[in-house]
Trainee: 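My questions will all concern the structure given below.
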Amino acid sequence: MAASFASTASVVPSCGAAGARRGGRFVARASAVAMAPALGTTARTHYEVLGVGTAASRGEVKAAYRRLAREVHPDAGGRGDEGFIRLHAAYATLADPDERARYDRSVARPAPARAVGFRPRRWETDQCW
Amino acid sequence: MAEQVYTVASDSETTGEDKSQPSFPDVAIGIDIGTSKCSVAVWNGHQVELLKNTRNQHGMRSYVMFKDDNLSAGVTGGATRENAHEERDILSGSAIFNMKRLIGRTDTDEVVQASKALPFLVQTLGIGVRPFIAALVNNMWRSTTPEEVLAIFLLELKALVEMHLKHPVRNAVLTIPVAFSRFQQTRIERACAMAGLHVLRLMPEPTAVALLYAQQQQQLMHDNMGSGIEKIALIFNMGAGYCDVAVAATAGGVSQIRALSGCTVGGEDILQNTMRHVLPNFDSLYAGQTMDRIKSMGLVRIATQDAIHKLANQESVEINVDLGNGQQVSKVLDHSEFEQVNRAIFEKCEKIINQCLVDAKLVPEDINDVILVGGCSRIPRIRSLVLGLCKKEVSYKNVDALEAAVSGAALEGAIASGVTDPSGSLDLLTIQATPMNLGIRADGDGFAAIIPRNTTVPARRDMLFTTTHDNQTEALIAVYEGEGERAEDNHLLGYFKIAGIPPAPKGSVEISVCMDIDASNVLRVFAGVVKPQGPAIPPFIEVRMPTLDDGHGWCGQALAKMYGKTLDLAVLPKKLQP
């Protein structure tokens, strides 16, 4: 696993950082108040990608998704697909109650990292799905 | 809207000429190429404007007439009044129509088989190559291709738009059926390139309608100063050739396509079923396509079409046709008979609506509006069927059934061209979904879907595979698209080989296959060995799909015959994945 990271890291500079981010678990500066949209490489959790608190309602998640989609979707002037793919992954997880519960559990108790296969260029995140 | 950097495709024929920037404001036009009728619209700076032809029609019959050395398309319909084509002329064998049903299909396709009942020549050999199609010119069948016919039509359409706008037109957004394969999409792009049009976007028809709906909802919200409440619309679109369903969630000008489903049934099938009912020996009468038969079948077709139209507003209709040679068709057709004859078609419609709702994870009660578009949405049975499944009394009123798709395409054209509007009416975004599973052949004849249908695009997914033989050094990646469980039941998009796999016991090597669809809907496949690692591993391969330049139905079989199972892959079982 570590070896696979090392050998693909040259293709994908941010992969190493992504691995490090996994360790530095997050969470719960929770509040329903929306945090500043934390897009770009600083985003860590799905909540941060959407800029919502961990207590955000489904409606707030959807609203944040739409608002941010208008910034990061390639058709809306976003650069590349990465930003939107990450945003959508965050939305898809948090808008589905079961997925969200599973995600919340996995974040609270970190699971072993998923296999990292080949990652094509422009890859920036480890949180896509 | 960022200008999409145009990638030079490996399939150079679809990319055409250079992309020099024109000096005039190049707003992409919207084109709805219907199986039966075609329309074109453009953003005029304030709103979408549908263009009319010289005969004052918005909807122009989709056909090309071959006469002597003259070609003329349905855009002008014969140009002058005295030369005007009538439906009888179009059905004389000299015109090719229904291009949208024929384009990019092989001669084993059932849609092509059904097209043999058309008045022009559709000849099939049943071996998985493109059908031979020809128009009757001076009592001789002259060959052509669906792409060529469509290009001739688009050329005439482009001239009409340029005459209207008084400047050259280059870019276009076209609507396509949901059921169109990626291979068919390349054929549309090819026809456009032949006509000098650059395709900015190919939009599934119901998603174009969804965009128009999103615009209307946003306008309503502005007017009422309302809140951005999410509205769910089910769009049902049925034309002459295809039937599509989309479920879209709309709020704040963002239209999110939750699910798409489509099939190849349409008005043409309803017409043919009804013709066979009216004239039970239709097929035997029509066999051979002699001149007098073509003429009499044309008459039956016109009379049946007319009867179906009348049935939308009356209980029963009388069909009378003189076939010549003393043969006469005389029949009274009522609703129940009509519905019985076309039962299979209505069932198919129900099936794709239900599937779309399931895929969108919604129940009928979640739907706010049901939007019925396309010519067949006028058929009472279709209306009641869709509304019934969605548990609604009435359909959405604010769209024109025949103009909604082209209007949405013109909106997308303006947005994609970077046009902004001070009133905010172009402040819209469509988040598309991919309508069909994309994957590769694995586990014998199986199909491993890497990007499942209705995945939001842009999307990227990967999957791990492994070898099926000890010391297997090569593997075939055969990329398919479709809903079938077996690879061969789907459309083959292309294939390539991974060579230089390090010799190892079967099941121990890990091969990653990653699929990427970008915002322009371009599909790329990346594949290579990820385990073991090291300098002895060959580089990854990136392939833009589809690579097939003809819809060869037999490529998959040829590969199987040549290589058997020697290059097979298996899905790496989940439990073995770290």
Side-chain angles (χ1 to χ4, degrees), chain A residues 1-12 58-92 95-99 111-125 127-129, chain B residues 1-2 4 201 227-230 249-256 361 412 415-416 418 427-432 455-465 510-520 524-535 537 540-542 572 574 576-578:
Chain A
M1 187 60 223
S4 106
F5 253 121
S7 64
T8 50
S10 58
V11 190
V12 195
R58 194 154 175 256
E60 286 171 318
V61 166
K62 282 187 177 182
Y65 170 65
R66 291 217 175 79
R67 182 168 46 79
L68 292 170
R70 303 186 69 135
E71 293 171 20
V72 302
H73 193 285
D75 283 354
R79 295 185 63 191
D81 300 337
E82 297 309 326
F84 179 75
I85 289 180
R86 188 172 16 173
L87 174 69
H88 185 81
Y91 159 78
D96 179 315
D98 295 341
E99 288 282 326
R114 185 185 173 251
V116 180
F118 164 71
R119 302 201 145 170
R121 62 211 152 81
R122 296 175 292 162
W123 185 269
E124 288 173 24
T125 177
Q127 304 202 7
C128 279
W129 42 84
Chain B
M1 158 85 211
Q4 195 68 39
R201 202 56 64 93
S227 60
I229 295 170
E230 181 181 75
T250 297
V254 178
S255 167
Q256 187 193 353
K361 296 184 184 132
E412 178 75 10
I415 297 163
D427 200 7
L428 304 166
L429 173 67
T430 305
I431 300 175
Q432 291 281 4
T455 298
T456 295
V457 289
R460 183 174 311 128
R461 300 281 170 102
D462 56 6
M463 207 171 191
L464 290 174
F465 296 88
E510 287 179 17
I511 292 164
S512 170
V513 180
C514 176
M515 291 192 167
D516 177 304
I517 304 174
D518 69 16
S520 308
R524 287 188 177 79
V525 179
F526 306 84
V529 178
V530 289
K531 189 189 158 192
Q533 290 285 341
I537 301 298
F540 263 70
I541 296 180
E542 171 186 338
L572 192 69
K574 277 277 189 294
L576 292 180
Q577 295 195 18

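To find a chain, count down the sequence lines: A is the first, B the second, and so on, and within it residues start at 1. Nothing here was measured: the structure is a model prediction, and the numbers come from that model.
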Trainee: Contact between R70(A) and D427(B) at the side-chain level, heavy atoms closer than 4.5 Å - yes or no?
Mentor: yes
Trainee: How long is the straight-line distance from CG of D81(A) back to OG of S520(B), given to the nearest 0.5 Å?
Mentor: 8.0 Å
Trainee: Is chain A contacted by the side chain of V457(B), its backbone, both, or neither, given a heavy-atom distance below 4.5 Å?
Mentor: backbone
Trainee: Could you tell me which residues satisfy side chain to side chain contact (heavy atoms under 4.5 Å, CB included) with K62(A), sequence neighbours excluded, listed by chain and number?
Mentor: R58(A), R66(A), Y91(A), E230(B), R258(B)
Trainee: Measuring from I517(B):CD1 to I85(A):CD1, what's the distance to the nearest 0.5 Å?
Mentor: 9.5 Å
Trainee: How far does OG1 of T456(B) sit from NE2 of H88(A), to the nearest 0.5 angstrom?
Mentor: 3.0 Å
Trainee: Ignoring hydrogens and geometry, is there a side-chain-to-backbone donor-acceptor pair from R460(B) to E82(A) under 3.5 Å?
Mentor: no
Trainee: Between D75(A) and L429(B), does the side chain to side chain contact (heavy atoms under 4.5 Å, CB included) criterion hold? Intermediate values first, please.
Mentor: CA-CA 7 Å; D75(A) 283 354; L429(B) 173 67; 3.8 Å; yes
Trainee: Is any side-chain heavy atom of I431(B) closer than 4.5 Å to a side-chain heavy atom of F84(A)?
Mentor: yes
Trainee: Just give me the residue among K531(B), Q256(B), K361(B) that pairs up with chain A most often, heavy atom to heavy atom, under 4.5 Å.
Mentor: Q256(B)
Trainee: L428(B) versus chain A, heavy atoms under 4.5 Å apart: side chain, backbone, both or neither?
Mentor: backbone
